[in-house]
Amino acid sequence: MPINQVPTKILAFGAVGMIVLGLVLMVRAISGWPEPAALLAVRDAATEEPARAMLTGVDPDTDIDRGTVTDGATDGVTDGAADGAADGAADGAADGAADGAAEHAASVAPTLSAPPTPISAVRVSWGEDVPVGMQEAIAAVQLDGLAVVTATTGTAPVHFDASARGDGLAVHQVTFAAATRFDTIEPVLAWDTVRSLWSGTPLSTTAAASVTVDAAPPLTRIVVLTNTLALLTQVLGAPSPAVVGFAEMAEVIDAAWQDHTTLAIVPFDQLEPRLVVFAIDGQNPVDNGAHFDPAVYPLIATVYAHLDPADADEAARVQRFLQALPPGNRDPARLTVLAMTGVTAMCRMTAAQMDRFGPAWPAAVVGPELASADITHISNEVPFVEECVANTDPDNFNFCSKPDYVETLTASGVDIIGMTGNHQNDFGRQNAMLSLEMYDAWKLPYYGGGKNLEEAFKPLIIEHNGNRLAFLGANSYGPKMAWATDALPGAAPFDLNVLSATIRAIKEKDLADAVMVELQYQESYDPQPLADQRLDFNALVRAGADIVTGVQSHVPQGMEFTEGKLVLYGLGNLYFDQMWGQTTREGMIVKHTLYQGRHISTQILTTLLYDYGQPRWTSPQERTSLLERVFGASYW
């Protein structure tokens, strides 16, 4: 027969084999026979990896600086998820197949594996006077080859409590904060006042005369967490009946908000934004190292360790554990202070004054305080334009700034620029683009606006001391020519759905710990926010924003807490020439403190414009007038 001819018998056997295989597969599908390991591995990988990719949409090895959400926000989220799903499926299938092959090879030629290395343990217990924050810190300690076992009963080689008891080893400092309800005009206290209220002993005539920093309202009681009483007794002595204990932090906050005469003393790491923290003799623990010195701050207590190891090996394990324990509940390396400001527009009369007194003149008084923050924000509404000439006509609304005016930003320690203002394109799109290129050259990152719509929508993500902050902004005011397009620069147009989707994407993908949103909303010269303004700002909180700030208002506006998150409807003017009246001269600088990825406190600093562009600090009477008006327009 010819060499390439296939014998009939071989063809027949092949056909029969195919029929038998088909019958076997049909029976297996009906009866539910188990699948081979390799096939299971491929299938599982192909389902698990797309799911993981859909949740993240970002390669975990990718360094993130500016955000990944693009035009319309939702497109970037869904596209990234889809791409991640496709890539994950392919990679997962390949990995699964490889794993399956390895399992099959192992079943053919089994090998002996070494037994796992035994893990030793150290038992730890604590008394009821150890605060929750330290309990969590103990549980978070991770050591190679050493397990930490917490015991609530029985003896342990390490026991923590608030008593020195002769053999106690000081291992953990607990910093406390004295606080009260947020709408307090002047949160400053004298240490003698705190001790007097705690002990129930009236201030002596001499001490009372020396208390000049105490501008707070009369305090009648102190509320604390019950399990911190022993620690506070270390510092303040035996408490009087004016000291009331509560089991939960929420109860302490509610008690502080009942009136303006209640002082709360709580562990620093358990602070929440609804409380304003007092500076005690000028020291405030929510400040950074530029203002706070723990060596002179009085409200710090000590947790002691009592050691009873059974042998030398256990003693060595105990020492390893103690060395890994945080030294306290306030670690400066985990704290970030963010300063945010209202309207900056270095033009008209402000520009004329800068030409006369120097390009850093507006920042001469408040600049150093702004620069002391870890991150300082400016909402700059005006583009930098070469050959800009100051036009002092009060009816001029076509704004520009000379490039050397950047010295005011430098003197203010500015780190980030909000670009949501409605004057960015006043001198044309080309000059707006050149202004953005100047920011790039000065290494000043911006957000809420950009060279095109995609860049304008992107969040700016900054990490400082382990705190990851995402900044977003948008312009609701318009006009349309101020908004960025697919190819042209401008502010990000406000779209509640787009902005909400971006916020949710940041949180769902764990790109940041806290999301800060600012809006250039419709302008109003009333401290009371507009009805739509309140609805939109609150909607952003419900989408996941941690702080929402209005940067459009030329007067300070009210505020509120929504679901525990701070909403600031308007901060007023910072560097601008509006000397029309008292309210347009007023401004607020807010200093937000973040600790271990959480917003824990906000301070309000108040300013007053002088000489058409230089803010100075308010007097006590001016501050009271401003904040009474703002708090009266707020929603508590």
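Throughout, numbering of the chain's residues begins at 1 and tracks the sequence.
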**Study point:** Residue of the set I547, L519, V567 for which side chain to side chain contact (heavy atoms under 4.5 Å, CB included) holds with L540
**Key:** L519
If you look at every heavy atom in [X] and [Y], which pair is closest and at what distance?
X    : Y    : answer
T228 : P131 : CG2-CB, 4.4 Å
N288 : S372 : ND2-O, 2.9 Å
N467 : R598 : OD1-N, 4.5 Å
L225 : M249 : CD2-N, 3.6 Å
S412 : Y575 : OG-OH, 2.8 Å
V194 : L189 : CG2-CD1, 3.9 Å

Just how far is it from atom [atom1] of [X] to atom [atom2] of [Y], taken to the nearest 0.5 Å?
X    : Y    : atom1 : atom2 : answer
I503 : L472 : CD1   : CG    : 6.0 Å
L444 : I416 : CG    : CD1   : 10.5 Å
T226 : E251 : OG1   : CD    : 8.0 Å
L169 : L322 : CG    : CG    : 6.5 Å
R616 : E622 : CZ    : CD    : 11.0 Å
Q552 : L571 : CD    : CG    : 9.0 Å

Point to revise | Chi angles and distances behind the side-chain contact (heavy atoms from CB on, under 4.5 Å) call for F321, I138 | key: CA-CA 9 Å; F321 164 73; I138 292 170; 3.9 Å; yes
Point to revise | Audit row: R585, L608, side-chain contact (heavy atoms from CB on, under 4.5 Å) steps and yes/no | key: CA-CA 5 Å; R585 293 176 63 197; L608 192 67; 3.7 Å; yes
Practice item. Taking atom CD of Q582 as the centre, report whether more than 12 heavy atoms of other residues, nucleotides or ligands fall under 6.0 Å from it. Key: yes
Point to revise | Heavy atoms from other residues, nucleotides or ligands near CG of D144 exceed 12 (cutoff 6.0 Å) | key: no
Distance-only polar pair, side chains of [X] and [Y], donor-acceptor under 3.5 Å:
X    : Y    : result
N538 : E560 : yes
Y635 : Q528 : yes
D287 : Q603 : yes
S601 : T593 : no
N284 : H291 : no

Judged by atom type as modelled, is there a donor-acceptor pair below 3.5 Å linking the side chain of [X] to the main-chain atoms of [Y]?
X    : Y    : value
T341 : H377 : yes
T584 : Q578 : yes
Q270 : V266 : no
K507 : G544 : yes
H306 : S163 : yes
T233 : L229 : yes
N465 : L335 : yes
Q283 : D293 : yes
Y595 : V286 : no
R468 : D510 : yes

Would you mind reporting whether [Y] and [X] have side-chain heavy atoms less than 4.5 Å apart?
X    : Y    : value
W617 : I589 : yes
N329 : M134 : no
Q135 : W126 : yes
T618 : E586 : no
L409 : I417 : yes
L594 : D513 : no
K591 : E369 : yes
L263 : F278 : yes

Check your understanding: Going through the checks in order, is the side-chain contact (heavy atoms from CB on, under 4.5 Å) test met by F631 and I604?
Key -> CA-CA 12 Å; F631 291 155; I604 301 175; 4.2 Å; yes
Point to revise | Evaluation steps, side-chain contact (heavy atoms from CB on, under 4.5 Å), between W191 and L299 | key: CA-CA 9 Å; W191 178 234; L299 266 179; 3.8 Å; yes
Once the angle between the rings of [X] and [Y] is folded into 0 to 90°, is it parallel (under 30°), tilted (30 to 60°) or perpendicular (over 60°)?
X    : Y    : result
W636 : W257 : tilted
Y447 : F471 : tilted
F182 : F561 : perpendicular

Point to revise | Note: R221-D259 ion pair, threshold 4.0 Å (strictly below) | key: no
Practice item. May I ask you to check whether F160 and H172 place their ring centers less than 6.0 Å from one another? Key: no
